[in-house]
Amino acid sequence: EDAPKLAGWESTPPSARRSPDLRQDRAQRTRELVLNCAAELFAARGFHGTSVQDVAAAAKMTKGAVYFHFPGKEVLAVAVVEAHYTRWPALLERAKAQQAGPLGTVLAMVDGAAEAFADDVVVQAGARLQLESILIGLPLPTPYIGWIELLTDLLGQALEQGELRPDVDPGAAARTIVSAFFGMQHISATLYDRADLRERWSEVRELVLLPLRA
Ligand SMILES: CCC[C@@H]1OCC(CO)=C1C(=O)O
């Protein structure tokens, strides 16, 4: 099935497009090091609790070297948020490769998102920074819409193919799944730093997703 081109889900955000000049590879690797160090700090301390100096120290670089790649903490935060969105097209490709039909692809996508929120610090940081967007003060991609559009399309295909309960509206189911998932991971993060996320996800999966099957 061909899912729609997802708004805001560019697999390589403009700020991260690799230069064709191979000599830039080292700069790209340094950029990625800074991004990952920043993600660790933003995920743990948030935007306000993180300084460019903290990121430089974690990356074992000078503050000036960090500023060369990211001319400010706000720009660095936007890059981390953009990087977290790039995880989803890659996840979709892996989910579709399983060729488990549209409903199977939905399950693989949200299972993969649960793993990402449990283990991927860039996703954890991106989600936290999205919630702190007012502090960043720069435009960020619109959240949630990409997921809702993708799941609506896949669930529409599942309905057409008889995989979805005939009384289920694909859009309503997509919005409910994204809301339940986002709320589940947010509560797990707030209360237990996501230590119980996989168990909480299996409950949502069991009670919200599996009952949608025909
Ligand atoms: C899968 C739930 C949606 C996901 O959770 C946080 C967030 C925005 O930071 C998301 C997104 O729009 O990709």
Side-chain angles (χ1 to χ4, degrees), residues 3-13 15-16 35-36 38-47 50 74 76-96 102-155 170-194 196-198 200-205 207-209 212:
K5 179 91 185 74
L6 294 163
W9 278 17
E10 295 184 53
S11 53
T12 306
S15 62
L35 263 185
N36 282 301
E40 293 283 352
L41 291 165
F42 283 138
R45 306 178 187 171
F47 182 76
T50 301
E74 296 75 7
L76 182 51
V78 170
V80 171
V81 174
E82 287 180 343
H84 115 285
Y85 282 114
T86 67
R87 296 325 203 231
W88 310 138
L91 175 57
L92 177 59
E93 287 315 304
R94 293 197 298 276
K96 288 198 292 189
L103 193 54
T105 302
V106 168
L107 287 168
M109 275 299 285
V110 285
D111 286 343
E115 289 302 311
F117 275 93
D119 295 338
D120 184 338
V121 71
V122 170
V123 168
Q124 295 164 354
R128 176 166 183 170
L129 290 170
Q130 186 76 55
L131 294 175
E132 298 179 352
S133 59
I134 196 164
L135 299 176
I136 298 168
L138 292 177
L140 291 178
T142 303
Y144 319 123
I145 298 299
W147 271 95
I148 292 168
E149 287 179 349
L150 170 70
L151 296 189
T152 300
D153 181 76
L154 287 169
L155 291 167
R175 289 186 293 275
T176 301
I177 291 166
V178 172
S179 301
F181 181 95
F182 178 78
M184 173 279 297
Q185 69 79 29
H186 179 70
I187 293 171
S188 174
T190 303
L191 296 180
Y192 306 109
D193 196 22
R194 294 193 179 90
D196 68 336
L197 190 143
R198 287 185 175 85
R200 300 292 78 76
W201 166 240
S202 66
E203 292 168 349
V204 172
R205 192 182 201 276
L207 293 169
V208 175
L209 268 76
L212 300 177

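For ligands, and for the atoms within them, numbers begin at 1 and follow the listed sequence. Predicted, not measured: the structure shown is a model, and the values here were computed from it.
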Counting each atom of ligand 1 from 1 as listed, which ones have a heavy atom of [X] under 4.0 Å away?
X    : value
F182 : 5 (O), 6 (C)
A127 : 9 (O)
Y85  : 8 (C), 11 (C), 12 (O), 13 (O)
F181 : 1 (C), 2 (C)

Looking only at protein heavy atoms, which one is nearest to [atom], and what is the separation?
atom                    : value
atom 7 (C) of ligand 1  : Y144 CE2, 3.7 Å
atom 13 (O) of ligand 1 : W88 NE1, 2.8 Å
atom 3 (C) of ligand 1  : W147 CD1, 3.7 Å
atom 5 (O) of ligand 1  : F117 CZ, 3.4 Å
atom 9 (O) of ligand 1  : H84 NE2, 3.1 Å

Q: Begin with the C-alpha distance, continue with both residues' side-chain angles, and end with the deciding distance and a verdict on side-chain contact (heavy atoms from CB on, under 4.5 Å) for H84 and L129.
A: CA-CA 10 Å; H84 115 285; L129 290 170; over 6 Å; no
Q. So, T152 side chain and I148 main chain: donor-acceptor pair closer than 3.5 Å or not?
A.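 Pair found, side chain donor or acceptor close to backbone of I148.
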Q) Do any N or O atoms from the side chain of Q124 and from the backbone of A43 form a donor-acceptor pair under 3.5 angstrom? A)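 Such a contact is absent between Q124 side chain and A43 backbone.
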Q. Side chains of Q130 and Y85: donor-acceptor distance under 3.5 Å anywhere?
A.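 Q130 vs Y85: donor-acceptor pair found between side chains.
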Q. How many angstroms lie between CG in L107 and CG in L209, if you round to the nearest 0.5 Å?
A.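 With rounding to 0.5 Å, CG (L107) is 5.5 Å from CG (L209).
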Q: Report the relative orientation of the aromatic rings in W147 and W88; use parallel for angles under 30°, tilted for 30 to 60°, perpendicular for over 60°.
A: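 Perpendicular, since the angle between the ring planes exceeds 60°.
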Q | Heteroatom distance test (Q185, ligand 1): nitrogen or oxygen, under 3.5 angstrom | A |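 Checking ligand 1 against Q185, no N or O pair falls under 3.5 Å apart.
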Q) What closest approach, in Å, do G126 and V80 show between heavy atoms, and which atom pair accounts for it? A)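 Nearest heavy atoms, G126 then V80: N-CG1, 4.1 Å.
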